[in-house]
Number of protein chains: 2
Amino acid sequence: MPYRRPPSVQARLDARRDRVLEAAVHLLSREGYGGCSVAAIAAEAGISTGSVYQSFSGKSELAAALFRTLVARELEAVAAATERPGGAAQRVAAAVETFAYRALQAPRRAFALLAEPADPAVDAERLLFRRAFRDVYAGQIAAGVACGELPAQSPELTAAALVGAIAEALVGPLADGDAAPGDVIPGLIAFTLRALGGHDAADA
Amino acid sequence: MPYRRPPSVQARLDARRDRVLEAAVHLLSREGYGGCSVAAIAAEAGISTGSVYQSFSGKSELAAALFRTLVARELEAVAAATERPGGAAQRVAAAVETFAYRALQAPRRAFALLAEPADPAVDAERLLFRRAFRDVYAGQIAAGVACGELPAQSPELTAAALVGAIAEALVGPLADGDAAPGDVIPGLIAFTLRALGGHDAADA
DNA sequence: GTCTATATTAAGATAGAC
DNA sequence: GTCTATCTTAATATAGAC
């Protein structure tokens, strides 16, 4: 019969795990992954390095969990944006706008998540999450193609290309720090609508 | 008066530097950056680890030089492709086709250069070279906008987005290993033409 | 459970023989 | 100039006290 921690104990452990992650979020937002050593995160959380290992098996797991925590929120926000009323193109455009707007609100953090050199475990997560974003877009694009709103195309290819396009178009402004949503977002949406090929792309 | 090596000696050093880089290219093509430790590169080149430091100040410089050596060729090929006759859209499409075709000819290596987790120095080079590719595309796009072939848009934004789009669309096929140029390239070109917004995009 | 202080380790880098 | 063998180091990860 396997041992299980009493619920109260488990709750404490979970709470500390969350506190460590929250500290890591703050550190990441200020200094990027470059500032996220185990020691620095422990200090930010107000605990010792040893205690970090109560919640995480090691640095790689922590870095990956940090990434997942933050990017899962973005994925959720993007997925929610695709549920607005409108055609496939409008829904994808809403998703792109949501993603870009949120990134530009926290440029240092967004740059860290999107492009900053980091632990290989983080790079692996990046590949996984880019696939997840792709799948969200691909679903909308497939529907648009099926109903004739969009021209024939591979939804997966277009969706993957859009994920890469949005990320790369944001990296420059995010890295510069002079991130002005008003300048970048309309251009990104126009690009997206053209790339999707909806008949009204030229009007946007 | 500064000391200078005799030309014959300098030539020997240059030759060995090239041999080390060539060995690194082979290793990268087989095993990616994961296999490119200093020790492994030295073994592949048939020299000792210590001798590597005659040509390179350290691992980061070697990894970055390796990246630059290979990607500079790709940049050159892409730039050459934009000099073909035709409108801006045709030239950009030719560049995209060139880039994708060459990547799919050496999928393991292309994946390593495009997306594989690697030394931070390599990530820094990735950012620089993506800018360089962007600039090549941006020049063509700006010309297309100026002459009215393409609709109004920010050449830098469209160019950056295309760089990201092409890379991300290739990552999946390259990682899977089942890279069939015939499947991916036409879709990529169609995406590119739509994204540029040329009037004939729908025909392609 | 939490801390301090220490051990590990894995790679990169170097010194000195030849 | 080149090699072997060693050293460094910068973290991470752990052991054991409290």
Side-chain angles (χ1 to χ4, degrees), chain A residues 3-24 27-28 31-67 116-124, chain B residues 3-24 27-28 31-67 116-124:
Chain A
Y3 170 76
R4 294 192 189 278
R5 296 187 179 86
S8 61
V9 172
Q10 187 59 50
R12 283 174 62 92
L13 287 177
D14 290 351
R16 191 183 40 195
R17 193 183 149 100
D18 290 347
R19 279 190 28 233
V20 173
L21 278 179
E22 194 185 351
L27 211 49
L28 187 80
E31 306 180 21
Y33 270 110
C36 288
S37 68
V38 174
I41 291 170
E44 178 84 13
I47 62 175
S48 68
T49 64
S51 295
V52 171
Y53 291 86
Q54 297 286 327
S55 306
F56 298 92
S57 73
K59 183 221 178 98
S60 295
E61 188 198 320
L62 205 173
L66 169 60
F67 183 92
E116 187 186 343
D119 190 291
V122 172
D123 282 305
Chain B
Y3 170 76
R4 293 191 189 281
R5 294 187 181 87
S8 61
V9 172
Q10 188 58 50
R12 282 173 64 92
L13 287 177
D14 290 352
R16 191 181 43 196
R17 193 183 150 101
D18 290 346
R19 279 190 28 232
V20 172
L21 278 178
E22 193 185 353
L27 211 48
L28 188 81
E31 305 179 24
Y33 271 109
C36 286
S37 68
V38 173
I41 291 170
E44 179 83 15
I47 62 175
S48 68
T49 64
S51 294
V52 171
Y53 292 86
Q54 297 285 329
S55 305
F56 298 93
S57 74
K59 184 222 176 94
S60 295
E61 188 198 321
L62 203 172
L66 169 60
F67 183 92
E116 187 186 343
D119 190 290
V122 172
D123 282 304

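Chain letters run A, B, ... following the sequence lines, proteins first, then strands; residues in each count from 1.
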Legend entry - Exercise: identify the closest heavy-atom pair between A:Ala63 and A:Tyr33: O-OH, 3.5 Å
Inset, instruction - Tell me, please, which residues at least two apart from B:Asp119 pass salt bridge (charged side-chain N to carboxylate O under 4.0 Å, His left out). - result: none
Inset, instruction - With sequence neighbours left out, write down each residue that passes salt bridge (charged side-chain N to carboxylate O under 4.0 Å, His left out) with B:Arg19, or none if nothing qualifies. - result: none
Inset, instruction - Specify the separation, in whole Å, of atom CZ of A:Arg19 and atom P of C:dG1. - result: 14 Å
Legend entry - Under the side-chain contact (heavy atoms from CB on, under 4.5 Å) test, residues paired with A:Ala11 that sit two or more places apart: none
Legend entry - Integer-rounded Å distance: D:dT14 P and A:Gln54 CD: 11 Å
Quiz: residues 42-51 of chain B side-chain donor-acceptor pairs under 3.5 angstrom, not counting sequence neighbours:
from: B:Glu44; atom 1: OE1; to: B:Arg30; atom 2: NH2; distance (Å): 3.0
from: B:Glu44; atom 1: OE2; to: B:Arg30; atom 2: NH1; distance (Å): 3.4
from: B:Ser48; atom 1: OG; to: B:Ser51; atom 2: N; distance (Å): 3.4
from: B:Ser48; atom 1: OG; to: B:Ser51; atom 2: OG; distance (Å): 3.2

Legend entry - Heavy-atom protein contacts under 4.0 Å, nucleotides 12-18 of chain C, coded B base, S sugar-phosphate only, - none: SBB----
Legend entry - Side-chain N or O of B:Arg16 closer than 4.0 Å to phosphate OP1/OP2 of D:dG1: no
Inset, instruction - Please determine if a side-chain N or O atom of A:Ser48 lies less than 4.0 Å away from the OP1 or OP2 oxygen of C:dC3. - result: yes
Legend entry - Atom-pair distance (CD1 on B:Ile47; C1' on D:dC3), nearest Å: 11 Å
Inset, instruction - With sequence neighbours left out, write down each residue that passes salt bridge (charged side-chain N to carboxylate O under 4.0 Å, His left out) with B:Glu22, or none if nothing qualifies. - result: none
